[in-house]
There are 2 protein chains.
Amino acid sequence: MELTQSNNPYNEDIIRISKFAKAMSHPVRVYILRKLSGMNSCCYSGDLVNELPIGRSALSQHLKELKHAGLIQGEIKAPYIKYCINRENWEKAVELCKELFVSTRIELLDSETAL
Amino acid sequence: MELTQSNNPYNEDIIRISKFAKAMSHPVRVYILRKLSGMNSCCYSGDLVNELPIGRSALSQHLKELKHAGLIQGEIKAPYIKYCINRENWEKAVELCKELFVSTRIELLDSETAL
DNA sequence: CATATAGTTCGTAATATTACGAACAGAATA
DNA sequence: TATTCTGTTCGTAATATTACGAACTATATG
């Protein structure tokens with residue numbers, strides 16, 4: 001099958017979901033997102049280096065990738081950089097997941113009410 | 001930091017989420033999962049080859065990856081193979097996402113009620 | 001049995017991911 | 001100003017991902 005403008009089967013949502021998933025496809029990045037996704041949570045690169053078995057440069061690359069994916073943002077608090085979730089894009093990701101899981105929405109709601 | 005048995009920061013959930021995300025990190029695989037995740041939905045490899053700009057062998061690799069991740073399963077209906085979602089693992093993935101998005105649960109519920 | 005059909009596996013090549021240490025940039029501090 | 005601290009970028013190497021076509025397996029069909 002030939003890919004043209006008119007018959008592109010990968011719509012905007014599919015591309016967004018795959019990019020979001022790619023950003024979350026490494027344990028280090030999931031760890032960071034989990035840490036940051038709590039209400040008002042933030043952290044510094046140094047915190048992560050102490051918690052994780054990874055070097056500073058590799059960690060910096062992971063942070064860069066999460067920034068590039070729009071999922072986190074860094075605020076300079078010299079000499080540190082304070083990282084936190086990019087709420088707008090994070091909620092967009094939540095939306096996309098919700099849409100994908102729409103067929104299992106019944107189960108989702110069941111477990112929500114059980115909380 | 002050294003990684004030992006006792007201080008492994010990547011727990012089971014983190015590993016599972018990253019593996020699930022990896023399985024969803026390519027547009028072809030998101031397309032397949034979206035197609036199959038609807039109630040009682042299924043498809044054949046031939047359907048996908050006709051819908052997507054990808055060869056049979058590459059598609060087969062993507063299907064293999066989704067199978068390996070436990071997200072889909074194939075049932076032989078010779079000469080075809082009928083693919084569908086592996087509901088058990090799919091719902092586990094929903095659980096993990098829900099847990100990750102727990103901090104944005106308020107927004108999630110808001111949009112649920114709006115449906 | 002010969003052939004066609006559906007799909008997988010293999011071999012290969014191009015590109016992407018991941019990690020490390022060294023070198024670097026910028027700000028705080030002695 | 002020299003030094004220290006935090007974090008990024010660069011260069012490099014190992015490994016993983018992705019795609020293709022050819023060859024293969026298995027089943028259905030003439």
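Convention: sequence-line order gives letters A, B, ...; per-chain numbering from 1.
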Discussion item. Side chain of B:H62, heavy atoms from C-beta onward: which of D:dG7, C:dT8, D:dA19 has the nearest atom to it?
Written reply: D:dA19
Response to the item:
Rounded to whole Å, the CZ-C1' distance (A:R56 to C:dC20) equals 11 Å
Discussion item. Using the side-chain heavy atoms of B:Y83, tell me which of these nucleotides is nearest: C:dA6, D:dT8, C:dT8.
Written reply: C:dT8
Discussion item. What is the separation between atom CG on B:L52 and atom P on D:dT18, rounded to the nearest whole Å?
Written reply: 15 Å
Worksheet item: For A:K19, does the NZ atom have more than 12 heavy-atom neighbours from other residues, nucleotides or ligands under 6.0 Å away?
Response: no
Worksheet item: If you look at every strand shown and take non-hydrogen atoms under 4.0 Å, does A:K82 touch a base, only sugar-phosphate, or nothing?
Response: nothing
Fill in: First of A:A58 and A:P79 reached from the 5' end of DNA chain C, by closest nucleotide
A:A58
Worksheet item: Would one find a side-chain N or O of A:K64 under 4.0 angstrom from OP1 or OP2 of D:dG7?
Response: no
Response to the item:
Of A:S57 and B:D47, the one whose closest nucleotide on DNA chain C sits nearer the 5' end is B:D47
Worksheet item: Going from CG on A:L52 to NZ on A:K35, what distance comes out if it is rounded to the nearest 0.5 angstrom?
Response: 8.5 Å
Worksheet item: Roughly, in whole Å, what's the span from CD1 in A:I54 to C1' in C:dC20?
Response: 10 Å
Response to the item:
Which of D:dT8, C:dA27, D:dA23 is nearest the side chain of A:A78? It is C:dA27
Discussion item. Using whole Å, what does the distance between atom P of nucleotide C:dT17 and atom NZ of A:K19 come to?
Written reply: 12 Å
Worksheet entry | Over 12 non-hydrogen atoms of neighbours within 6.0 angstrom of OH in A:Y80 | no
Item to complete: Give a yes or no on whether a donor-acceptor pair under 3.5 Å exists between the nucleobase atoms of C:dG7, that is its base, and the side chain of B:S45.
Response: no
Worksheet item: Phosphate oxygens OP1/OP2 of D:dT17: is one of them under 4.0 Å from a side-chain N or O of B:K22?
Response: yes
Practice prompt. Look up atom CD1 in B:I14 and atom CZ in B:R16, then write down how far apart they are to the nearest 0.5 Å.
Written response: 12.5 Å
Practice prompt. Work out which heavy atom in B:N11 is nearest to a heavy atom in A:R34; give both atom names and the distance.
Written response: ND2-NH2, 3.5 Å
Worksheet entry | Separation of atom CG in B:L59 from atom P in C:dT8, rounded to whole Å | 8 Å
Worksheet item: A:Q61 CD to D:dT6 C1': how many Å, rounded?
Response: 17 Å
Worksheet item: D:dA16 P sits how many Å from A:H26 NE2, rounded?
Response: 12 Å
Item to complete: Rounded to the nearest angstrom, tell me the gap between atom CG in A:L66 and atom P in C:dT18.
Response: 11 Å
